[in-house]
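Working notes, beginning with the structure itself.
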Amino acid sequence: QVHLVESGGGLVQAGGSLRLSCAASERTFSTYAMGWFRQVPGKDREFVAAIRWSGAQLYYADSAKGRFTISSDNAKNSVHLQMNNLTPEDTAVYFCAADRTGYPEMVATTTIGYDYWGQGTQVTVSS
């Protein structure tokens, strides 16, 4: 069982930056991918960014391209999301997720491609 803990959320003004971090409870040698999703009340959880260690592939939602950067540390037990030029539309609870099954690449940007989820961290962007 892997536990994921997000940190780094908070309140920021539009145009500002935040760096989210997700720490896994153990060395994730068997982790195939990690991702970030976000959710606002009444809406489905949506994909933000992901990293797959096979081929060092990075994936971004269109809304994140050019503003957000996903990265991981060398030990592969944590992943970060640098978010720049934030807008009020980025306000959401951000969740970290891990794929320890090895789902196909085609689901890397969907919630079904991940087995484990953190509890989420709130990001609020004021206008």
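All values below come from the heavy atoms of this structure, side chains included, with hydrogens, waters and symmetry mates left out. Note that the structure is a prediction, hence the values are computed from the model and not measured.
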Evaluate side-chain hydrogen bond (donor to acceptor under 3.5 Å, both in side chains) for S21 paired with H80, printing each intermediate quantity in order. CA-CA 4 Å; S21 294; H80 311 283; 2.9 Å; yes
Measure from the side-chain N and O atoms of R67 to the backbone N and O of N85, and report whether any donor-acceptor pair falls under 3.5 Å. yes
L81 versus T69: any side-chain heavy-atom pair under 4.5 Å? no
Please answer whether the main-chain N or O of D115 pairs with a side-chain N or O of D99 as donor and acceptor at a distance below 3.5 Å. no
Test item: side-chain donor near acceptor, E89 and T91, under 3.5 Å: no
With the side chain counted from C-beta on, respond yes when F68 and V48 share a heavy-atom pair under 4.5 Å apart, and no when they do not. yes
Go through the steps to decide whether L58 and I70 satisfy the test side chain to side chain contact (heavy atoms under 4.5 Å, CB included), and finish with yes or no. CA-CA 8 Å; L58 304 179; I70 188 170; 3.9 Å; yes
Minimal non-hydrogen separation, G120 against V93, with atom names: CA-CG1, 3.8 Å
Under a plain distance cut-off of 3.5 Å, with no hydrogens placed, do Q39 and E46 share a side-chain donor-acceptor pair? no
Go through the steps for S72 and W53 under the test side chain to side chain contact (heavy atoms under 4.5 Å, CB included), then give the verdict. CA-CA 10 Å; S72 64; W53 281 280; 3.5 Å; yes
Do F47 and V123 land in one hydrophobic cluster if side-chain heavy atoms of ILVMFWY residues count as linked below 4.5 Å? no
Taking the six-membered ring of Y59, is the NZ or CZ of R52 close enough (under 6.0 Å from the centre) and on axis enough (within 45°)? no
If I compare all heavy atoms of A49 with all of Y60, which pair ends up nearest, and what's the gap? CB-CD2, 3.7 Å
Could you tell me which residues satisfy ring-ring contact (aromatic ring centres under 6.0 Å, His included) with Y114, sequence neighbours excluded, listed by chain and number? F37
Check: V79 and C96 side chains under 4.5 Å, non-hydrogen atoms: yes
Within the structure provided, determine whether T111 and W117 are in side-chain contact (heavy-atom separation under 4.5 Å). yes
At their closest point, which heavy atom of L20 faces which heavy atom of W36, and how far apart are they? CB-CH2, 3.7 Å
Reported CG-to-CG distance for the pair N84 and D90, which is rounded to 0.5 angstrom: 10.5 Å
Are side-chain heavy atoms of R19 and M83 found at a separation under 4.5 Å? no
Do the side chain of T124 and the main chain of L11 share a donor and acceptor less than 3.5 angstrom apart? no
Donor-acceptor pair, distance only, cut-off 3.5 Å: does the side chain of E6 make one with the backbone of Q119? yes
Quick one: pull up OG1 in T121 and CZ in R38 and give me the separation to the nearest 0.5 Å. 14.0 Å
About how many Å separate CZ of F95 and CG of L4, when rounded to the nearest 0.5 Å? 12.0 Å
Could you check whether any side-chain heavy atom of L18 comes within less than 4.5 Å of a side-chain heavy atom of Y94, counting everything from C-beta outward? no
Please step through side chain to side chain contact (heavy atoms under 4.5 Å, CB included) for the pair S71 and Q82, ending with a clear verdict. CA-CA 8 Å; S71 62; Q82 178 67 43; over 6 Å; no
Can you see which heavy atom on S127 is nearest to which on A14, and at what distance? CA-CB, 4.3 Å
